[in-house]
Amino acid sequence: MFRKNRRYRLLATCCAALVVAACGGGGNQATMGPEGDPVPGGTARIIQASEPRTLDPAVMGNSWAINSVLGNALYGTLMIDDPEQEAIAFMMAESFSTQDGGTTFELRLRPNLQFSDGTPLDAAAVKFNWDRMKEPSNGSPYVEDAMMIASNKVVEPTVLEVTMRSPIPHFAYAIVETSMNWIASPAALTAGREAFDGEPIGAGPFVLERWARQDVIELVKNPTYWDAPKPYLDRILVQTNPDTSQRYNTLISGGADLVIDSSMGVQTRLREQGYPSQVSPLHGGQHLTLNTRRAPFDDVRARRAVAAAIDVQTLDLALQDGMGEAATSLFRESSPYYAGDLTLNETDHELAQRLFDELAGEGKPVSFTFVATQQSENRTLAESIQAQLSAFENVTVNVEIVDIVTLLRLRQTYGFDMMVGTAHFTDPDPRLWTAFHGASARNTSGINDEQLNAALDLGRTSTNLEKRTAAYRTVQERLNELVPAVFTIRTVAAAATGKNVGGLRMYTAGSVLPEELWIAE
C-alpha cells in the first residue's frame, strides 16, 4: 500500500475528492442521494462542460471540466484517492510501491484483467500507454507527467518496473490526476486515431456504442468489467453544454441525471433544493496566468500592479454568486503545509495606481489582452477583470474570445498576455512543479527563479514532512514576490445528480466514477 506519514496524509484525509461529508476548513461539501442498496439497470443522462476532440486517453483530460467521467467510463482506473485509508486506493492496480524513496516503483496489476475485446490488460499494455504519452507528437496534455519516467520494463505479465528521472516519492498523484490512470488497448491505438475514435477499446465499466459529434456519446455496460456487479447502469448518454445555467436548468427540469459543474452558487442552490452534489476541496485554485516572457508582464511592477488592482471578492460575485472561496493562501487550513501568516495577492488599489503611473512615466503604460474562451465562466472572468481595471489610469485591457483549439495553441506557443490558468491539487507535487518550475514546459507564465526552482525540487523529492513544509513556504513566498500568476478563487470541481440518483463518488479533481452511479426505481 502506497502510504505516507499520518500527518502528511491528513491532506488527503480532509481533501481527497471521495470525502462525502464536510471536512473542517473548507472541506468537501456533499449531499447524498437515495438510501439503500444500488439498483441495477437504467440509463443515466450526463451533461459535461466540454466535448472531447478524440477518445484517445493520452489526449483526454482527467478533470471534472475535461471529460473525466467519460475517460473513467471507457478505461476504468488504475488507482484513486482514498482519504478513509489515508492512502492511494487501488482499483485495476493491486499496488504501486517504492522501496528507495521514489527512484523506482513497482506497479502490480490485478490478474486476469481484460480489455472489452477480450485481450489482456497487462503490464505491457501499461508500458505502451505510458511510453506513448511521452511522445510530443501524440499531443498529450500530460506529456510532462509521463516524462518524469526515465524508463520502464515488464518483469512479469502483471508487474511493471518503473525508473524515474529523479526521485519522486509522491508520483502516484501524477497518475491519479492525469490520463496515465487510463489504459487503452495497444492494438486499437496502433490502428490510428480515426479508427480508435470509432471503436475505442478499454477495460472500463462501459463501452462506446455511438459517438455523434456535437450531439451525444452513447455508452453501454461492459459485461466483462472486472469489478462485477458494477456498473449498475445499463447505459449512459453523454452530452455537452458549456453554459452553467443551462446545465443547472436541465437538471432541475428532469432533463439530466448528472451534470458536471464549476459554480459554487449553482451547487449551493442545488443542495438547498435537495439535489445530491459534491465538490472536490482542492488546494491552490484558479489564477490569471501572466506571461513573463514579453511586455508588459516581463516587468514585475506590471504584474504587481495588476495583482494589487484586482478585488477577488468582486470576481467571486461575478463568477460564483458571492458563494465561492477566495484563494487567499496556497493551501487550505486542513493542510500541514498551510501558512497562516502568508496571504496571496492582497488588494491594494493605491499601490496599483502608483505602479501603473510609474510605468507610464517611463513610457511603458500597461496594455494587455486577456484571451478567453466562449465558456461562460471563462468569458465572465475576462470581462470582470476588464471592468475592474477600467477604474484605473494608465492601464488598458482588451478581451479576445477564441475557441478552445486556439486557446490551447496560444498556451503551448506562449502567444498570449493573460489567460486563465489553474494550479489545483491534493498533493502539491507534481502540480506546483509543473506550473511554476523554470524547467517545466507547462510553466505557462515562463517564470524562472532560482529560489523557487530549488524549493519546488525539494518539495518534490523529500519524504520528510518538515522539509516539505519549509519548501512549500518558500514557494508561496516567491510566488508572492514574483507574481507569475494572480490567484483568484478556489477551483470548484463539482457534480450534481437528480434526487433519485445514488453513488456519486469522485476522486482527485472532480473525476466522477460512473461505475458507482445507480438510479432508484
Aromatic ring pairing Trp130/Phe171, orientation class (parallel under 30°, perpendicular over 60°, tilted between): perpendicular
More than 12 heavy atoms of other groups within 6.0 Å of Asn112 CG: no
Check against side-chain hydrogen bond (donor to acceptor under 3.5 Å, both in side chains), Ser440 and Trp433: CA-CA 7 Å; Ser440 169; Trp433 196 99; over 6 Å; no
Within 6.0 Å of CD in Glu156, more than 12 heavy atoms from elsewhere: yes
Heavy-atom pair of closest approach, residues Ser384 and Leu315: OG-CD2, 3.2 Å
Residue list, salt bridge (Lys or Arg N to Asp or Glu O under 4.0 Å) with Asp197, at least two apart or on another chain: Arg213
Full working for salt bridge (charged side-chain N to carboxylate O under 4.0 Å, His left out) between Asp429 and Arg468: CA-CA 10 Å; Asp429 192 72; Arg468 283 195 105 198; 5.4 Å; no
Counterpart residues, side chain to side chain contact (heavy atoms under 4.5 Å, CB included), relative to Ala494 (two or more places apart): Asp261, Gln267, Val279, Val492
Aromatic plane relationship, His283 with Phe425 - under 30° parallel, 30 to 60° tilted, over 60° perpendicular: parallel
Flag for Tyr232-Asp37: side-chain donor and acceptor within less than 3.5 Å: no
Sequence-distant partners of Ala184, side chain to side chain contact (heavy atoms under 4.5 Å, CB included), two or more places apart: Pro57, Tyr75, Asn129, Leu189, Phe196
Gap between atom CE of Met133 and atom OG of Ser140 - 0.5 Å precision: 3.5 Å
Row check, Tyr275 ring normal vs Lys499 NZ/CZ: under 6.0 Å, within 45°: yes
Partners meeting side chain to side chain contact (heavy atoms under 4.5 Å, CB included) with Thr43 (sequence neighbours left out): Arg235, Leu237
Enclosure of Arg53 CZ (heavy-atom neighbours >12, cutoff 6.0 Å): no
Any side-chain donor near an acceptor of the partner, Thr240 and Gln48, under 3.5 Å: yes
Distance-only polar pair, side chains of Ser335 and Arg332, donor-acceptor under 3.5 Å: no
Asn138 (side chain) donor-acceptor with Arg132 (main chain) under 3.5 angstrom: yes
Residue list, ring-ring contact (aromatic ring centres under 6.0 Å, His included) with Trp182, at least two apart or on another chain: none
Qualifying salt bridge (Lys or Arg N to Asp or Glu O under 4.0 Å) pairs, either residue in residues 169-184, two or more places apart: Glu177-Arg431
Tyr142 side chain to Asn62 side chain, donor-acceptor N/O pair below 3.5 angstrom: no
